[in-house]
Amino acid sequence: MVDETVERQTGRDAEAVSRFVEHFAAQLVEAGMPRMPSRVFAALLASDTGALTSAELGEQLRISPAAVSGAVRYLSQVHMVSREREPGSRRERYRVHSDQWYEALTNREAIIKRWEDALREGITGLGADTPAGARLAETLAFFEFIEQDVAGMMERWRAYRAARRG
């Protein structure tokens, strides 16, 4: 089923937009993201403005307001979208930003730091010289390595993005 709203708003082939949204959402689901947030995120990413209202998302994706609300709540918690008020209105728009991947990775970095702290406590509590303590130490070393690599990667990304923008 083709969404005429997309064609009206953008002049693009709504069926092509829908195919992209569902295909990209399926890739996100395969990577572990819940289905409805994946679909909402892909729809926002595919919109020209990067922002849609709850009603627009519901109409485009043919989902209920409750499904939109739950998806947006999840996406907000993982810093992949933000809410903003439409000027002069009580309606909210949900926006995906060009730095959403940076924000999502930065948020993950904070989670990894908390995991590292918990692992350090576990190593102390279980004993570094026990098999469980050694396993925790190996896991901690992995996360410390990833954390260093992510920081360097983000620096390289900022330089790369700046160079692409001229």
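Just so you know, residue 1 is the first one in the sequence shown, and it goes up from there.
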Looking only at atom types and distance, does a side-chain atom of [X] sit under 3.5 Å from a main-chain N or O of [Y], one as donor and one as acceptor?
X	Y	value
Glu121	Ala118	no
Arg62	Gly58	no
Arg93	Ala51	yes
Ser18	Ala14	no

Report yes if some heavy atom in the side chain of [X] is under 4.5 Å from a heavy atom in the side chain of [Y]; otherwise report no.
X	Y	value
Met33	Tyr74	yes
Ile63	Met36	yes
Arg95	Val81	no
Val68	Leu61	no
Asp13	Val17	no
Glu92	Arg85	yes

Next on the checklist: Could you go through Arg158 and Met153, starting from their C-alpha distance and side-chain angles, then the distance that decides it, and tell me whether this counts as side chain to side chain contact (heavy atoms under 4.5 Å, CB included)?
Outcome noted: CA-CA 9 Å; Arg158 284 190 287 278; Met153 183 176 56; over 6 Å; no
Checklist entry - Is it true that atom CZ of Arg164 has more than 12 heavy atoms of other residues, nucleotides or ligands lying nearer than 6.0 Å? => result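 Incorrect, the count does not exceed 12.
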Checklist entry - How far apart are the closest heavy atoms of Arg35 and Val29, and which atoms are they? => result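 Closest heavy-atom pair between Arg35 and Val29: CA-CG2, 3.4 Å.
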Checklist entry - If you look at every heavy atom in Leu52 and Gln60, which pair is closest and at what distance? => result CD1-OE1, 3.7 Å
Next on the checklist: Working to the nearest 0.5 angstrom, can you tell me the gap between Glu22 CD and Ser38 OG?
Outcome noted: 10.0 Å
Item to check | Nearest-0.5 Å distance that lies between atom OG in Ser82 and atom OH in Tyr94 | outcome: 11.0 Å
Checklist entry - Does Asp117 pair with Arg120 as a salt bridge, N-O distance under 4.0 Å? => result yes
Checklist entry - Which class fits the ring pair Tyr160 and Trp157: parallel under 30°, tilted 30 to 60°, perpendicular over 60°? => result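 The rings of Tyr160 and Trp157 sit tilted, inter-plane angle from 30° to 60°.
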